[in-house]
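Here the structure is a predicted model, which is why all the values come from computation and not from measurement.
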Amino acid sequence: MNLLLTNDDGFFAPGINALKKRLLFDGHNVMVFAPSENRSGASHCINLGSGVEVRKISESEYTCSGTPADCVMAALKSGVFPKIDLVLSGINQGPNIGIDIVYSGTCGAARQAVFMGTPAVALSVMVEEHDGEPFSPCEKYFYSAMADFAAKNLENFAKMCVVADGMSMPENPCCFVNVNGLSQEEPYKAARFSGISFREYANDKITFLPKADGIFERKFSGGKVISSSRKFSDYDALCEGSVSVTRVLAEQLDAGEMDSIIFNF
């Protein structure tokens with residue numbers, strides 16, 4: 001298969017390189033177009049008016065000063081690569097579950113791909129949480145289990161997506177696949193379709209540190225993460241040691257009408 005790899009952790013991140021190594025081992029044609037530096041939290045941001053620098057690393061590898069979505073747009077529209085069969089975004093350091101899917105540049109890249117007619121999967125790993133407390137940033141991440149799971153399920157991921165067809169709207173809403181697993185080296189033993197949890201970041205704190213007259217540096221400090229769900233969720237799957245597989249709607253869909261609302265004029 002012709003596979004495009006991207007991420008939001010940056011071109012030199014260990015997750016994307018572990019994935020690339022595993023897919024090359026299976027003989028796939030692997031191409032990389034990833035941000036030149038960490039773009040975590042970039043969501044689906046794209047650069048319109050500002051210039052974006054693209055750097056060619058090799059015939060099959062490019063970096064971009066823009067966002068993950070910028071990378072996907074450039075890779076699929078520029079003609080530098082042959083037609084892509086599947087976009088793989090990740091492997092992200094840290095989970096992309098619950099409302100993190102909204103913030104995630106990893107998921108933003110996958111969303112952009114299906115809008116452009118190419119199936120896509122977002123891949124992430126999580127260090128086990130301890131009563132919702134944030135993990136230590138120096139805690140070791142492992143990517144081999146997720147890389148192996150992805151390599152063995154490429155065709156499944158492609159079948160699960162609904163992509164746009166040129167300029168025409170598909171019969172069903174566009175969707176991409178979001179996959180999360182625990183950070184581990186030994187192979188996963190189970191995978192489950194999961195809903196999307198709700199992640200509340202309690203006790204987050206924003207402080208302004210003075211730098212100059214009227215100028216401050218914004219500092220963010222995370223708090224405890226509280227996860228809840230309306231049905232079996234991505235977080236529930238991870239807690240039981242399973243891989244969470246979720247088909248995520250890429251389109252913004254309306255929430256329906258409300259009979260009780262009377263508009264004022």
Student: Return the set of residues passing side chain to side chain donor-acceptor pair (under 3.5 Å) with Asn47 (not counting sequence neighbours), or none when no residue passes.
Tutor: Ser50, Asp70
Student: Is Ile196 reachable from Tyr235 through a run of I, L, V, M, F, W or Y residues, each pair having side-chain heavy atoms under 4.5 Å apart?
Tutor: no
Student: Indicate if Phe176 and Leu3 have the same hydrophobic cluster label, given that clusters are the connected sets of ILVMFWY residues with side-chain heavy-atom separations under 4.5 angstrom.
Tutor: no
Student: Rounded to the nearest 0.5 Å, what's the gap from CG on Leu253 to SG on Cys174? Could you check?
Tutor: 9.5 Å
Student: For residues Lys56 and Val54, determine if any side-chain heavy atom of one lies less than 4.5 Å from a side-chain heavy atom of the other.
Tutor: no
Student: Among Val114, Val248, Val162, which one satisfies side-chain contact (heavy atoms from CB on, under 4.5 Å) with Cys175?
Tutor: Val162
Student: Determine, stepwise, if the pair Phe232 / Glu240 fulfils side-chain contact (heavy atoms from CB on, under 4.5 Å).
Tutor: CA-CA 11 Å; Phe232 184 82; Glu240 71 174 26; 4.0 Å; yes
Student: Would a hydrophobic clustering, with Ile, Leu, Val, Met, Phe, Trp and Tyr connected at side-chain separations under 4.5 Å, put Ile16 with Phe149?
Tutor: yes
Student: Can you get from Val30 to Met1 by hopping between Ile, Leu, Val, Met, Phe, Trp and Tyr side chains that sit under 4.5 Å apart?
Tutor: yes
Student: For residues 254-265, pull every pair meeting side-chain hydrogen bond (donor to acceptor under 3.5 Å, both in side chains), keeping only residues two or more places apart or in separate chains.
Tutor: none
Student: Under a 4.5 Å cut-off applied to non-hydrogen side-chain atoms, are Arg39 and Cys45 in contact?
Tutor: no
Student: List the residues meeting side chain to side chain contact (heavy atoms under 4.5 Å, CB included) with Phe263, not counting sequence neighbours, and say none if there are none.
Tutor: Ile261, Phe265
Student: Run the side-chain donor-acceptor check on residues 73-81: report pairs under 3.5 Å with partners two or more places apart or on a different chain.
Tutor:
{"from": "Ser78", "atom 1": "OG", "to": "Ala74", "atom 2": "O", "distance (Å)": "2.6"}
{"from": "Ser78", "atom 1": "OG", "to": "Val80", "atom 2": "N", "distance (Å)": "3.4"}

Student: Under 3.5 Å, which donor-acceptor pairs link side chains of residues 4-15 to any protein atom two or more places apart or in another chain?
Tutor:
{"from": "Thr6", "atom 1": "OG1", "to": "Phe33", "atom 2": "O", "distance (Å)": "2.8"}
{"from": "Asn7", "atom 1": "OD1", "to": "Gly10", "atom 2": "N", "distance (Å)": "3.2"}
{"from": "Asn7", "atom 1": "ND2", "to": "Gly10", "atom 2": "O", "distance (Å)": "2.8"}
{"from": "Asp8", "atom 1": "OD1", "to": "Thr106", "atom 2": "OG1", "distance (Å)": "3.2"}
{"from": "Asp8", "atom 1": "OD2", "to": "Gly105", "atom 2": "N", "distance (Å)": "3.2"}
{"from": "Asp8", "atom 1": "OD2", "to": "Thr106", "atom 2": "N", "distance (Å)": "3.2"}
{"from": "Asp8", "atom 1": "OD2", "to": "Thr106", "atom 2": "OG1", "distance (Å)": "3.3"}
{"from": "Asp9", "atom 1": "OD1", "to": "Ser40", "atom 2": "OG", "distance (Å)": "3.2"}
{"from": "Asp9", "atom 1": "OD2", "to": "Gln93", "atom 2": "N", "distance (Å)": "3.0"}

Student: Out of curiosity, does Ile46 fall in the hydrophobic cluster containing Val72 (side-chain heavy atoms, cut-off under 4.5 Å, transitive links)?
Tutor: yes
Student: Are the side chains of Tyr188 and Lys152 in contact, using a 4.5 Å heavy-atom criterion?
Tutor: no
Student: Could you walk me through whether Leu88 and Leu154 pass the side-chain contact (heavy atoms from CB on, under 4.5 Å) test, one step at a time?
Tutor: CA-CA 9 Å; Leu88 297 97; Leu154 299 176; 3.8 Å; yes
Student: Would you mind reporting whether Met146 and Val179 have side-chain heavy atoms less than 4.5 Å apart?
Tutor: yes
Student: With a 4.5 Å cut-off on side-chain heavy atoms, are Thr118 and Val163 touching?
Tutor: no
Student: So, using ring pair (Phe, Tyr, Trp, His ring centres under 6.0 Å) as the criterion, who are the partners of Phe142 when residues are at least two apart?
Tutor: none
Student: Is there a donor-acceptor pair under 3.5 Å between the side chain of Asp85 and the backbone N or O of Asn2?
Tutor: yes
Student: Apply side-chain contact (heavy atoms from CB on, under 4.5 Å) to residues Phe193 and Met160 and explain how you reach the verdict.
Tutor: CA-CA 11 Å; Phe193 281 110; Met160 292 165 58; 3.4 Å; yes
Student: Distance only, no hydrogens: is a donor on one side chain within 3.5 Å (strictly under) of an acceptor on the other, for Asn92 and Ser104?
Tutor: no
Student: Decide whether Thr246 and Asn178 meet the rule of one side-chain donor and one side-chain acceptor closer than 3.5 Å.
Tutor: no
Student: Could you walk me through whether Asp236 and Ser194 pass the side-chain contact (heavy atoms from CB on, under 4.5 Å) test, one step at a time?
Tutor: CA-CA 8 Å; Asp236 295 325; Ser194 310; over 6 Å; no
Student: Classify the side-chain pair Asp100/Tyr201 by whether it contains a donor and acceptor separated by less than 3.5 Å.
Tutor: yes
